[in-house]
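Reviewing the structure listed below.
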There are 2 protein chains.
Amino acid sequence: MEEEQIIELFRKKGHKVTTQRLAISEFILSRNDHPSADQIYDELRKDHPTISLATIYKTLNLLKEIGLVQELGFAETAARYDPNTNIHINMVCTECEEIKDYYPKDIETLWSELIQKLDEKIVGQRIDLYYICEKCKGNKS
Amino acid sequence: MEEEQIIELFRKKGHKVTTQRLAISEFILSRNDHPSADQIYDELRKDHPTISLATIYKTLNLLKEIGLVQELGFAETAARYDPNTNIHINMVCTECEEIKDYYPKDIETLWSELIQKLDEKIVGQRIDLYYICEKCKGNKS
DNA sequence: GTAACTGCAAACGCTTTGCACTCCC
DNA sequence: GGGAGTGCAAAGCGTTTGCAGTTAC
């Protein structure tokens, strides 16, 4: 998604466009590892030294509201923000908490088969797979 | 799972069997709506007036450790505890947060098809479907 | 008997809120 | 110019921890 489209989206939904909002949106949309608010904060502070965590959270909630990201709550760790609205599997390393997306072939087809018998309007979904990533497997041996 | 088996499991893993642990385990295993720590607390206090939330949490963490429950973290609400270790879909109402399990036909088959191409050892999974339940749909109209 | 468990209260970490200041439009 | 947004510090909430008293074995 281009900067232009993000600006457009904010305006269309009646929200002001600020440097902070743009920076947060572009950062999150540019990554596929679903960062936490804290990771966003640490990263953005390099270019925006005065940005605050409160603004990060407020903006993330706004992005949720306008449908740009999904918030993934976890038991062991802080929430992660996922900009990917297509059906996919979150591969979550249980050691380092790193997440990467996985798109099995035909997942849309399989998924719609799975839920077709449900006579319900689905407003969202979340699929997680827990494993130990290469890096962490290495560290253990 | 019978009381006998629960007791057995605690002992086998080297943990003492207490009234509180049994009550919490039996309560959670008897329900399929994945209660929160608070719901367990409220419910158990009727029969066990002196039980504490801290004990609930400590026991839930123990049950996680010995593999009896899975903790489901959420963004908008407290964690829920799921005693169901079979592959299933958590149907989560986004209005009242109620959860019920859903077992589509052939889900095991479909699921293994989905992950078969992954050359990874999977240590767990979680599948959520978000919708608005009948009760909440009624309340809105 | 003694190590593990309970219950209390205090601490913790993540997230939200209230408010004065600032900036977008 | 005015209302929305930012940043700070304080509050909030779910969960964990430390510890003295209690219980399982």
Side-chain angles (χ1 to χ4, degrees), chain A residues 3-4 6-25 27-28 34-42 44-45 47-66 68-82 97, chain B residues 3-4 6-25 27-28 34-42 44-45 47-66 69-81 97:
Chain A
E3 184 170 313
E4 279 311 318
I6 300 173
I7 293 175
E8 184 64 24
L9 184 59
F10 277 125
R11 295 238 163 92
K12 197 168 60 192
K13 300 269 183 172
H15 302 290
K16 289 187 177 169
V17 177
T18 67
T19 317
Q20 293 88 332
R21 287 181 176 174
L22 272 182
I24 295 164
S25 308
F27 179 73
I28 211 172
H34 314 349
S36 66
D38 227 55
Q39 288 166 344
I40 299 170
Y41 180 52
D42 282 347
L44 290 188
R45 257 202 306 186
D47 282 349
H48 308 264
T50 67
I51 205 169
S52 75
L53 243 190
T55 299
I56 308 269
Y57 276 110
K58 283 170 190 164
T59 301
L60 287 170
N61 282 329
L62 181 63
L63 296 182
K64 259 202 294 184
E65 224 180 280
I66 66 180
L68 219 54
V69 304
Q70 177 187 14
E71 185 178 6
L72 302 175
F74 288 96
E76 321 277 351
T77 186
R80 308 287 285 266
Y81 295 85
D82 184 349
E97 320 286 359
Chain B
E3 186 171 314
E4 280 309 318
I6 301 173
I7 294 175
E8 185 64 24
L9 184 59
F10 277 125
R11 296 235 163 95
K12 198 168 61 193
K13 300 268 184 175
H15 303 288
K16 290 189 176 166
V17 178
T18 66
T19 318
Q20 293 89 334
R21 286 181 177 173
L22 272 184
I24 294 165
S25 307
F27 179 73
I28 211 174
H34 313 351
S36 66
D38 228 54
Q39 289 167 343
I40 299 170
Y41 181 53
D42 283 347
L44 289 188
R45 259 205 300 188
D47 282 348
H48 306 265
T50 67
I51 204 168
S52 74
L53 242 191
T55 298
I56 309 270
Y57 276 111
K58 283 170 190 165
T59 301
L60 287 170
N61 282 329
L62 181 63
L63 296 182
K64 258 202 293 184
E65 226 180 281
I66 66 180
V69 304
Q70 176 186 16
E71 185 178 7
L72 301 175
F74 287 96
E76 321 277 350
T77 186
R80 308 288 284 266
Y81 295 85
E97 321 286 0

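Residue numbering restarts at 1 for every chain, and letters A, B, ... go by the order of the sequence lines.
Regarding A:L44, its CG atom lies at a distance of 15 Å from the C1' atom of D:dG7, rounded to whole Å. Counting to the nearest Å, the P atom of D:dT15 and the NZ atom of B:K64 are 10 Å from each other. In this entry the distance linking CG of B:L22 with P of D:dC25 reads 9 Å, nearest Å. Distance B:I7 CD1 to D:dC25 C1': 14 Å, rounded to the nearest Å. For A:I56 and D:dG7, the CD1 to P distance is 9 Å, given to the nearest whole Å. Put simply, NE2 on B:H48 is 10 Å from P on C:dG7, counting in whole angstrom units. Taking atom CZ on B:R45 and atom C1' on C:dG7, their separation rounds to 13 Å, with Å as the unit. Here the P atom of nucleotide C:dT6 and the CG atom of B:N61 are 13 Å apart, to the nearest Å.
Within the nucleic acid shown, B:T50 comes within 4.0 Å of sugar-phosphate atoms alone, with no base atom in reach, counting heavy atoms only.
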(message) Is there a side chain to side chain contact (heavy atoms under 4.5 Å, CB included) between A:F27 and A:L44? Walk through the geometry before answering.
(response) CA-CA 8 Å; A:F27 179 73; A:L44 290 188; 4.0 Å; yes

(request) Apply the test side chain to side chain contact (heavy atoms under 4.5 Å, CB included) to residues B:I24 and B:Y41: give CA-CA distance (whole Å), side-chain angles for both, the deciding distance (0.1 Å), then the verdict. (result) CA-CA 9 Å; B:I24 294 165; B:Y41 181 53; over 6 Å; no

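With DNA chain D read from its 5' end, the first of the two nearest nucleotides for B:R11 and A:A54 is the one closest to A:A54.
Put simply, the side chain of A:K64 reaches to within 4.5 Å of the side chain of A:N61, judged on heavy atoms.
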Taking distance alone, no hydrogens or angles, what donor-acceptor pairs closer than 3.5 Å link side-chain atoms of residues 47-60 of chain A to residues at least two apart or in another chain?
residue	atom	partner	partner atom	Å
A:S52	OG	A:T55	N	3.2
A:S52	OG	A:T55	OG1	3.1
A:T59	OG1	A:T55	O	2.8

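When the side-chain nitrogen and oxygen atoms of A:R21 are compared with OP1 and OP2 of D:dT6, one or more of them lie within a distance under 4.0 Å. In terms of phosphate contacts, A:T55 brings a side-chain nitrogen or oxygen within less than 4.0 Å of OP1 or OP2 of D:dG7. For the OP1/OP2 pair of D:dC8 and a distance below 4.0 Å, the side-chain nitrogens and oxygens of A:S52 include no atom meeting the criterion.
With C:dC14, D:dT15, C:dG18 as the choices, the nucleotide that has an atom nearest any side-chain atom of A:K58 turns out to be C:dG18.
Note that the CD atom of B:Q39 and the CG atom of B:D42 stand 8.0 Å from one another [nearest 0.5 Å]. The CG atom of B:L9 lies 8.5 Å from the NE2 atom of B:H15; values are rounded to the nearest 0.5 Å.
Taking every heavy atom of residues 12-20 of chain B and every atom of DNA chain D, pairs under 4.0 Å involve B:K16, B:V17, by number.
B:E97 pairs by the side chain to side chain donor-acceptor pair (under 3.5 Å) definition with nothing, not counting sequence neighbours.
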